[in-house]
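In what follows, chains are A, B, ... by sequence order, proteins preceding strands, each numbered from 1.
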Amino acid sequence: MQSHFDSLRSELCKICRSLLRVKKLHALAIRSHLSEDPFYATQIIRQYAANGDVKSAHHVFDKTPTRSVFLWNSLIRAYAQAHRFRNAFDLFNNMLTTNTRPDNFTYSCIIRACSENFDCSSLRLVHGRALVSGLGSDSICGSALVTAYSKLGLVNEASGVFNGIPEPDSVLWNSLISGYGYSGLCDKGVQTFNAMRRGGKKPDGYTIVGLLLSVADSILLRIGHGIHGLSLKHGFDSNSHVVSLLVNMYSRCKCMTSAYKVFESIFQPDLVTWSALIAGYSQTGDYLKALLFFRELNMKGEKADTILISSVLASIAQSANAGPGREIHGYVLRNGLGSDVMVSSALVDMYSKCGFLHSGNRVFELMPKQNVISYNSIISGLGLHGCAFECFRMFNKMLNKGVVPDESTFSALLCACCHADLVQDGGELFRRMKYEFDIEPRPEHYVYMVKLLGSAGELDEAYNLIQSLPEPVDKGILGALLSCCNSCGNSDLAETIAHRLFESNPNDNVYRVMLSNIYASDGRWDDVKKMRDNMTGDQRKVPGLSRIEG
DNA sequence: GTAGGGTTAG
């Protein structure tokens, strides 16, 4: 405990020393009559901003009578980096009323702020102003625009900006490649990369990262291998961004052997790379390895941060063994991370999935501020424990607090209705989701509705719901109805649904097994045999193993 | 001006 306080005190001292240095520098500039010089004032603003003291930075700005474009840019950037977007925009608007014209760096800073604030209309407005100012073919402004549009999901607009710039530099090429990466457009990314090479531009670490971003499925593993080869060829394998993304790419492709090989090849992996490996094991279901590597990291004396702790808690939730979760909860409290919304939400989920709903509830109630994810975690936990009416109360509390529900909130609520067989409540929530909250139902919402209707014996209603959907209907939704036909003993409807599933999933024997079971319960043994004879491949089941940890 | 890890949806 003592060493923990020592380390906190040392961190605090470092911050104070750094801020003290800036204040001393500022005082010195005042004494030397340099504080009103825009050059020195800009440097001091930057130093205050780097130490998180935007108020003092603004004070220096106010006291500087001659305001250069650098001075304006430094304060706008200070506000943008502190996520105080309103202040940054106001300052930008004030700047427009002065004789100091914003330059390409002012625009790029404010463009980035628009995308970080998910403010598409302001982005378009700023883009228009940049064009009027004659910055339409400026690479610096252009790369910020390409990135901003891509991050808001408007990749076509991003490529429009790119095409408007006659001689793109490497940064602009990289911005477009990353834009396709964020959008999951792997082919487009590779095409742009080839065009970049034809244009005589050399790839760098940013290029490789941009390309790797879209490789998120094992179908694309061949392309991932190719990009990996390219990064080795160009010597980017020691670039920490490239390395962590390679680990992440192999994890997303469910190829943990390769992910580990990359990790193992690095001399000193940083926290992000450790985190990518641990999250990879966690997300591919290998929670034991995830925990093992978390312990190894701790043994090295490295400090885990909130992102890493959240990943590890997700692993523990899968393991359904609260012991290590409690240990990590202790670590969280000792390190003052208990007020972090991401960590607390992961704790709520971990406790409820490990069977300790009360502990999860307590963490939830002690959170200084809850967001949509924390509410989703507690609603899901309550639903999992069969407390449907508690879920509804929590949902109302969430609405009263002004927290806007999302798709996952309704997944958790509908799931709770399924657990408690509340058909009418489920139907009402499904309607509210669509019409009151304007959320388009996703396949899992239909799965819950079909399960709800089916388990209440309302198979026709469930079938009508499916018939209202455009083709191709998700196999999970059809599978849910097939399963309900089994419990209700409706073999006619089961045949119709099963044949739709056979057509779209000819190699998936699970639906043949389901239909044959329905035939069996009807005593239609000839049909059972036919169905079993139609199966492909090896049908032997691997025996399951269970374990309970005390 | 461009790049990396994250919590909920059983």
Side-chain angles (χ1 to χ4, degrees), chain A residues 103-109 111-112 135 138-148 150-151 158 168-179 181-182 204-213 236 239-249 251-252 269-280 282-283 304-315 317-318 320 340-350 352-353 370-381 383-386 405-416 418-419 442-445 447-448:
Chain A
D103 65 3
N104 45 3
F105 286 100
T106 325
Y107 276 102
S108 55
C109 177
I111 286 164
R112 187 185 167 127
L135 293 168
D138 181 81
S139 274
I140 289 169
C141 199
S143 47
L145 278 167
V146 168
T147 305
S150 307
K151 285 192 172 170
D169 63 7
S170 294
V171 175
L172 192 59
W173 279 107
N174 288 343
S175 303
L176 187 63
I177 292 171
S178 297
Y182 300 131
D204 60 11
Y206 288 87
T207 324
I208 303 295
V209 167
L211 285 169
L212 285 171
L213 283 170
F236 301 135
N239 176 317
S240 60
H241 288 254
V242 170
V243 162
S244 64
L245 211 53
L246 279 168
V247 172
N248 178 267
M249 180 273 290
S251 304
R252 284 186 292 177
D270 65 9
L271 196 60
V272 175
T273 311
W274 273 98
S275 196
L277 183 78
I278 292 170
S282 167
Q283 286 156 6
D305 65 1
T306 54
I307 294 180
L308 181 50
I309 287 175
S310 308
S311 297
V312 176
L313 285 169
S315 271
Q318 287 182 66
D340 183 87
V341 70
M342 181 168 43
V343 168
S344 298
S345 305
L347 276 169
V348 170
D349 181 62
M350 180 278 294
S352 66
K353 282 194 183 138
Q370 292 99 343
N371 69 2
V372 62
I373 297 180
S374 19
Y375 273 103
N376 291 350
S377 298
I378 192 71
I379 291 173
S380 153
L384 188 66
H385 286 257
D406 64 7
E407 298 95 334
S408 306
T409 318
F410 286 97
S411 287
L413 286 165
L414 290 173
C415 178
C418 278
H419 277 294
R442 291 202 306 221
E444 67 259 29
H445 298 116
V447 168
Y448 288 130

Protein-nucleotide distance ([X], atom [atom1]; [N], atom [atom2]), rounded to Å:
{"X": "A:I278", "N": "B:dT7", "atom1": "CD1", "atom2": "C1'", "result": "15 Å"}
{"X": "A:D204", "N": "B:dG4", "atom1": "CG", "atom2": "P", "result": "13 Å"}
{"X": "A:I307", "N": "B:dG6", "atom1": "CD1", "atom2": "P", "result": "8 Å"}
{"X": "A:W274", "N": "B:dG5", "atom1": "CH2", "atom2": "P", "result": "18 Å"}
{"X": "A:F105", "N": "B:dT2", "atom1": "CZ", "atom2": "P", "result": "10 Å"}
{"X": "A:L245", "N": "B:dA3", "atom1": "CG", "atom2": "C1'", "result": "8 Å"}
{"X": "A:D305", "N": "B:dG4", "atom1": "CG", "atom2": "P", "result": "15 Å"}
{"X": "A:M249", "N": "B:dG5", "atom1": "CE", "atom2": "C1'", "result": "15 Å"}

Touch class at under 4.0 angstrom, heavy-atom based, for [X] against every strand present:
{"X": "A:G205", "result": "base"}
{"X": "A:S310", "result": "sugar-phosphate"}
{"X": "A:R442", "result": "base"}
{"X": "A:S240", "result": "base"}
{"X": "A:A412", "result": "nothing"}
{"X": "A:L246", "result": "nothing"}
{"X": "A:D169", "result": "base"}
{"X": "A:S380", "result": "sugar-phosphate"}
{"X": "A:S275", "result": "base"}
{"X": "A:T409", "result": "nothing"}

Does [X] contact [N] through a side-chain donor or acceptor facing the base, at a distance under 3.5 Å?
{"X": "A:N239", "N": "B:dA3", "result": "yes"}
{"X": "A:S244", "N": "B:dG4", "result": "yes"}
{"X": "A:D138", "N": "B:dG1", "result": "no"}
{"X": "A:S143", "N": "B:dG1", "result": "yes"}
{"X": "A:S411", "N": "B:dA9", "result": "no"}
{"X": "A:T306", "N": "B:dG6", "result": "no"}
{"X": "A:D270", "N": "B:dG4", "result": "yes"}

Tell me whether A:R252 contacts the main-chain N or O of A:G280 through its side chain, where contact means a donor paired with an acceptor under 3.5 Å.
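No; zero donor-acceptor contacts below 3.5 Å.
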So, A:N248 side chain and A:S251 main chain: donor-acceptor pair closer than 3.5 Å or not?
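Side chain of A:N248 to backbone of A:S251: no pair is present.
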Only one of A:N239, A:V242, A:N174, A:I177 passes side chain to side chain contact (heavy atoms under 4.5 Å, CB included) with A:I208; say which it is.
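Among A:N239, A:V242, A:N174, A:I177, the one meeting side chain to side chain contact (heavy atoms under 4.5 Å, CB included) with A:I208 is A:V242.
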Between [X] and [N], is there a contact of a side-chain N or O with OP1 or OP2 at under 4.0 Å?
{"X": "A:K353", "N": "B:dA9", "result": "yes"}
{"X": "A:Q283", "N": "B:dG5", "result": "no"}
{"X": "A:Q370", "N": "B:dT7", "result": "no"}
{"X": "A:Y182", "N": "B:dA3", "result": "yes"}

Checking contacts here: which listed nucleotide ([options]) is nearest the side-chain heavy atoms of [X]?
{"X": "A:S178", "options": "B:dA3, B:dA9, B:dG5", "value": "B:dA3"}
{"X": "A:T147", "options": "B:dT2, B:dT7, B:dG5", "value": "B:dT2"}
{"X": "A:L271", "options": "B:dA9, B:dG5, B:dT7", "value": "B:dG5"}
{"X": "A:L308", "options": "B:dA3, B:dT8, B:dG5", "value": "B:dG5"}

How about A:S315 and A:S282: does a side-chain donor come under 3.5 Å of a side-chain acceptor?
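On atom types as modelled, these side chains qualify, holding a pair under 3.5 Å.
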Give a yes-or-no answer on whether the side chains of A:H385 and A:S352 include a donor-acceptor pair shorter than 3.5 Å.
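There is no such pair between these side chains.
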So do A:I111 and A:C141 actually touch side chain to side chain, heavy atoms under 4.5 Å?
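When only atoms from C-beta onward are counted, A:I111 and A:C141 do touch, with a gap below 4.5 Å.
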Just to verify, what does A:Y206 make a ring-ring contact (aromatic ring centres under 6.0 Å, His included) with, not counting sequence neighbours?
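Testing A:Y206 for ring-ring contact (aromatic ring centres under 6.0 Å, His included), a comparison that skips the adjacent residues, returns none.
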